[in-house]
Amino acid sequence: DQSFIVGFDNSVHIFDINGNETSMFPLASERTVEDELYDPATKQLFVRSITPAHDGQVAAIGAHMDVYDLSGNLKSSFDFGRKPYHMSLNPANGHIYVPNGDAAVIWSVDTRAPMQAVSIHLGDSVEQIVPSGDGSVLYLASRLGGSYIGEYDQDSGAFESFTSGTWPL
């Protein structure tokens, strides 16, 4: 199936290879959508959002994940963490990783059974995650709390980091 999936703030539009819209569906509107990711293996769209700031908060916090099929049916919905960053799909093991800003936690979501996010406690203010080609290693980048690049071996659980020292701001 060759199609383009385009996510907007409150909706998802699907286009065929010729650019004709074939379908669309609305997203939950009570949260602010920050990131969308399609997993071709499970044919599901993962939508990460946050609860908007309210009652004197200065920033929005509280991560939320909605999982849709391509017909727009909501398959799963759950809350996790605070101050999430960009989602990264590891197609080798079918997991989405979400770094949690200002905390030593990375969230892992199994795309085959997306009912919850499981915490992996490592790193410090990780902002980006890139899986290795075979998916066995996660490379982590942090600029806060130590400014380092890390390597996490998912099979052994080993974590190594390279610290450059104090970077000028």
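- Classification of the W107-F80 ring pair by plane angle, with boundaries at 30° and 60°, yields perpendicular.
- In this structure the side chain of N93 reaches within 4.5 angstrom of the side chain of Q154, judged on heavy atoms.
- Remark: side-chain polar atoms of R48 are paired, donor with acceptor, to backbone N or O of Y85 under 3.5 angstrom.
- Not one N or O on the side chain of N73 forms a donor-acceptor pair closer than 3.5 Å with the backbone of K75.
- With a 4.5 Å cut-off on side-chain heavy atoms, I120 and Y97 count as touching.
- The hydrophobic cluster containing F78 also contains I96, counting ILVMFWY residues as joined when their side-chain heavy atoms lie under 4.5 angstrom apart, directly or transitively.
- In this structure, the side chains of M87 and M65 come closer than 4.5 Å at one or more pairs of heavy atoms.
- Side chain of N90 to backbone of G135: a donor-acceptor contact under 3.5 angstrom is found.
- The closest donor-acceptor contact from the side chain of S88 to the backbone of I129 lies under 3.5 Å.
- Shown here are the ring-ring contact (aromatic ring centres under 6.0 Å, His included) partners of F46, two or more places apart in sequence or in another chain: there are none.
- Side chains of S119 and V105 form a contact here, defined as non-hydrogen atoms less than 4.5 Å apart.
- Remark: of the listed residues I5, V12, V6, V12 is the sole one forming a side-chain contact (heavy atoms from CB on, under 4.5 Å) with E36.
- P84 and E34 make their closest contact through O-OE1, 4.2 Å (heavy atoms, listed as atom of the first residue, atom of the second, distance).
- In this structure, the side chain of S23 does not engage the main chain of I14 through any donor-acceptor pair within 3.5 Å.
- In this structure the side chain of D66 never reaches within 4.5 angstrom of the side chain of S76, judged on heavy atoms.
- Below 30°, between 30° and 60°, or above 60°: for H13 and F8 the angle between ring planes is above 60°, a perpendicular geometry.
- When atom types are taken as modelled, the side chain of S132 and the backbone of V137 share a donor-acceptor pair closer than 3.5 angstrom.
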